[in-house]
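Structure, as structure tokens:
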2 protein chains.
Amino acid sequence: MAFWEHGYEATSVSDLTRVMDIGAPSLYAAFGDKRSLFEEVVQEYGARYGSFGARALAEEPTARAGAARMLREAAAEYTAPGRPHGCLVVHAAANCSTPEVEESLRRRRNANIAEIKSRIEADVAAGVLPPDTDATALARHTGAMIQGMSQQARDGASRAELEALAEIALAVWPRA
Amino acid sequence: MAFWEHGYEATSVSDLTRVMDIGAPSLYAAFGDKRSLFEEVVQEYGARYGSFGARALAEEPTARAGAARMLREAAAEYTAPGRPHGCLVVHAAANCSTPEVEESLRRRRNANIAEIKSRIEADVAAGVLPPDTDATALARHTGAMIQGMSQQARDGASRAELEALAEIALAVWPRA
DNA sequence: CACATTTTATAGCGAGCACTAGAGAAATGT
DNA sequence: ACATTTCTCTAGTGCTCGCTATAAAATGTG
């Protein structure tokens with residue numbers, strides 16, 4: 001939560017020990033160092049809050065339906081009350097002076113886009129999407145949209161505003 | 001440049017004195033403190049690199065044409081060689097432990113979107129865009145797209161990839 | 001050239017950072 | 001009940017941060 005709200009660098013170890021209500025030595029005994037703790041937090045975040053996209057792509061019958069659900073759920077996830085707004089993976093390691101941490105989240109972001117791309121390609125191969133569909137660009141568009149929505153959520157956009165935005169973004173998909 | 005590449009927090013005063021090749025006291029005599037220097041840098045950035053959007057909206061005959069030029073130029077600007085990729089205003093104060101700095105850039109981002117919105121509303125009033133156009137959502141979509149493109153540029157997308165993405169995003173605009 | 005003024009460089013201020021050594025408390029096994 | 005092992009808390013490590021006092025150098029002026 002602290003990493004999510006304030007990012008990797010801006011969250012100090014004393015912030016962490018305070019919110020976890022443990023002493024610093026216990027934290028280091030349990031996680032090694034700050035970076036390892038962060039990686040574990042990211043993994044937990046990915047499993048609990050960041051998996052709606054992959055789930056949508058896997059469970060919906062078409063890439064378009066998957067992307068639609070993904071964008072709509074993003075609007076809800078990124079503005080959920082009681083949690084920091086936006087996506088940890090998008091924001092928590094921006095401007096990070098530890099390049100490894102920044103790179104780690106960058107890989108996650110690009111992997112998400114690659115997932116969308118391969119889902120699109122599967123639909124193209126199956127004839128669900130037109131054969132001239134530019135899977136790379138369409139996947140990147142969807143990824144950029146998600147990231148833009150996350151930024152908007154941080155900047156104060158409401159769930160309804162993000163949902164309206166998602167509906168607009170969905171209009172670019174070729175009709176099945 | 002240093003602020004642009006690494007962000008406000010991750011750029012230390014000694015980084016600044018090194019690249020500016022002056023001593024710390026000279027820097028403080030000239031700018032007051034780190035925050036004031038940053039604000040001046042942001043202003044200079046806005047005038048030099050961040051004004052392509054406002055120019056596009058002002059010079060093109062329609063909101064749609066303005067947004068089209070804005071997105072296409074963003075693809076070029078955000079991947080220009082010899083400069084940090086992406087937009088300073090989007091990234092330089094993410095995860096900032098100085099809330100005023102974060103808020104200052106947030107205001108700039110939201111002001112940009114408000115500009116797009118009022119340009120759209122002008123076209124709706126003039127009958128260039130359909131009267132049922134949701135100006136707020138369409139403006140936010142364009143802003144989110146720009147911000148998403150900036151993030152993509154930071155994550156390694158090429159100019160051509162961003163341009164393909166921009167063309168897709170333009171397809172959502174109501175036909176004139 | 002001598003002097004007054006500005007500019008610069010050195011060196012260091014207190015504070016907070018990530019991280020850890022060593023002492024004491026708690027828990028455990030017998 | 002006691003010894004031993006495990007944990008945990010206090011306190012402090014060296015480091016870098018933003019920022020500045022002081023003193024030397026450079027500059028302009030008669």
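Residue numbering restarts at 1 for every chain, and letters A, B, ... go by the order of the sequence lines.
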Atom pairs, protein N/O to nucleotides 19-21 of chain D N/O, distance under 3.5 Å:
{"from": "D:dC19", "atom 1": "OP2", "to": "B:Y28", "atom 2": "OH", "distance (Å)": "3.0"}
{"from": "D:dC19", "atom 1": "OP2", "to": "B:K34", "atom 2": "N", "distance (Å)": "2.9"}
{"from": "D:dC19", "atom 1": "O5'", "to": "B:Y28", "atom 2": "OH", "distance (Å)": "3.3"}

Problem - Within 6.0 Å of CD in A:Q43, more than 12 heavy atoms from elsewhere - result: no
Practice task
Compute both the distance and the angle, then confirm whether B:K34 meets the cation-pi test with B:Y8: under 6.0 Å from the six-membered ring centre, within 45 degrees of the axis.
Solution key: yes
Handout entry: Gap separating the CG atom of B:L129 from the CG atom of B:D134, nearest 0.5 angstrom
Key = 12.0 Å
Practice task
Pull out every residue in residues 2-12 of chain B that has a heavy atom closer than 4.0 Å to any atom of DNA chain C, ordered by number, or say none.
Solution key: none
When the distance from [atom1] of [X] to [atom2] of [N] is rounded to whole Å, what number comes out?
| X | N | atom1 | atom2 | value |
| --- | --- | --- | --- | --- |
| B:L37 | D:dG18 | CG | P | 11 Å |
| B:M20 | C:dA9 | CE | P | 13 Å |
| B:D21 | C:dT7 | CG | P | 18 Å |
| A:I22 | D:dT6 | CD1 | P | 20 Å |
| A:F38 | C:dA18 | CZ | C1' | 16 Å |
| A:L27 | C:dC19 | CG | P | 9 Å |

Would you call [X] and [Y] a salt bridge, taking side-chain N to carboxylate O under 4.0 Å as the test?
| X | Y | answer |
| --- | --- | --- |
| A:E59 | A:R69 | yes |
| A:R159 | A:E163 | yes |
| B:R48 | B:E44 | yes |
| A:E5 | A:R83 | no |

Exercise for the section: Taking the side chain as every heavy atom from C-beta outward, state whether B:M70 and B:R55 have any pair of such atoms under 4.5 Å apart. Expected result: no
Practice task
Flag the pair B:E73 / B:F52 as yes when at least one side-chain heavy-atom distance between them is below 4.5 Å, and no otherwise.
Solution key: yes
Practice task
Answer yes or no: does a side-chain N or O of B:S14 lie under 4.0 Å from OP1 or OP2 of D:dC17?
Solution key: yes
Problem - Any residue of residues 92-108 of chain A with a heavy atom less than 4.0 Å from an atom of DNA chain D - result: none
Practice task
Determine, using the 4.5 Å side-chain heavy-atom cutoff (strictly less than), whether B:L37 and B:W4 are members of one ILVMFWY cluster.
Solution key: yes
Exercise for the section: Identify which one of A:R140, A:R106, A:R108, A:R107 satisfies the salt bridge (charged side-chain N to carboxylate O under 4.0 Å, His left out) criterion when paired with B:D155. Expected result: A:R106
